[in-house]
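All remarks here apply to the structure that follows.
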Amino acid sequence: MKLLAPEALQQLPAVILPRLIQMFENTTPPLLAEIRHHANDANWHAMAQAAHKLKGSCMSLGAEAMAEICKVLQYQGEQADSSGISPLVDELDEIYPETLAELQQNYLL
């Protein structure tokens with residue numbers, strides 16, 4: 001699975017990448033916890049909002065695999081469609097560390 005879209009990162013000034021990656025590292029775990037919490041509570045609207053926030057961060061850093069999952073979670077939350085939510089949330093949790101490691105390894109100065 002391709003975790004990153006390097007072309008998205010190449011459009012950003014190299015000088016700000018370390019800060020953006022650090023912000024991603026700091027803000028993503030609470031958003032993942034929020035998504036899981038709202039999914040477990042069947043609070044679909046709140047889950048969709050948290051997924052939307054995380055999707056934006058992911059897209060700005062080219063974390064396309066995570067962004068795609070967030071897109072699906074956002075849509076399903078907006079539709080109050082609970083089908084397949086738990087595996088998607090699990091997958092998001094699983095690929096976050098890999099995505100962060102790839103960002104840090106390839107793009108920190």
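For reference, positions follow the sequence shown, starting with 1.
Proximity of a side-chain donor or acceptor of Asp41 to a complementary backbone N or O of Asn43 within less than 3.5 Å is not detected.
Between Glu91 atom CD and Leu73 atom CG the span is 9.5 Å, to the nearest 0.5 Å. From Glu94, atom CD reaches atom CE of Met66 across 12.0 Å, with rounding to the nearest 0.5 Å. Separating the CG atom in Leu54 from the CD1 atom in Ile35 is a distance of 5.0 Å, to the nearest 0.5 Å. Atoms CD and CD1, on Glu102 and Ile95 in that order, are 10.5 Å from each other to the nearest 0.5 Å. To the nearest 0.5 Å, the span separating SG on Cys70 from CG on Leu31 amounts to 8.5 Å. The CG atom of Leu92 lies 11.5 Å from the CD atom of Glu68; values are rounded to the nearest 0.5 Å.
In this structure, a donor-acceptor pair under 3.5 Å is present between the side chains of Gln74 and Glu78.
For Leu100, the side-chain contact (heavy atoms from CB on, under 4.5 Å) partners two or more places apart in sequence, or in a different chain, are Ile21, Phe24, Glu25, Tyr96, Gln104.
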For Thr28 and Thr99: C-alpha separation, side-chain torsions, deciding distance, then whether side-chain contact (heavy atoms from CB on, under 4.5 Å) applies. CA-CA 11 Å; Thr28 300; Thr99 303; over 6 Å; no
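Each of His37, His38, Arg36 was compared with Asn40 under the side-chain contact (heavy atoms from CB on, under 4.5 Å) criterion, and only Arg36 meets it.
Summarising the geometry of Leu88 relative to Gln76, their closest heavy-atom pair is CD1-OE1, 3.7 Å, with the distance given to 0.1 Å. Taking both residues in full, the closest heavy atoms of Ser82 and Trp44 are given as CB-CZ2, 3.4 Å, listed atom of the first, atom of the second, then distance. Between Ile85 and Ala39, the shortest heavy-atom distance links the atoms CG2-CB, 3.8 Å. Smallest separation of non-hydrogen atoms from Leu61 and Leu4: O-CD2, 4.3 Å. For the pair Asp93 and Pro97, the tightest heavy-atom approach, listed with the atom from each and the gap, is O-CD, 3.2 Å. Across all their heavy atoms, Ser60 and Leu12 have their closest contact at O-CD1, 3.4 Å.
The hydrophobic cluster containing Met59 does not contain Leu17, counting ILVMFWY residues as joined when their side-chain heavy atoms lie under 4.5 angstrom apart, directly or transitively. Residues Ile16 and Leu103 fall within the same hydrophobic cluster, defined by Ile, Leu, Val, Met, Phe, Trp and Tyr side chains chained together at heavy-atom separations under 4.5 Å.
In this structure, the side chains of Glu98 and Leu3 come closer than 4.5 Å at one or more pairs of heavy atoms.
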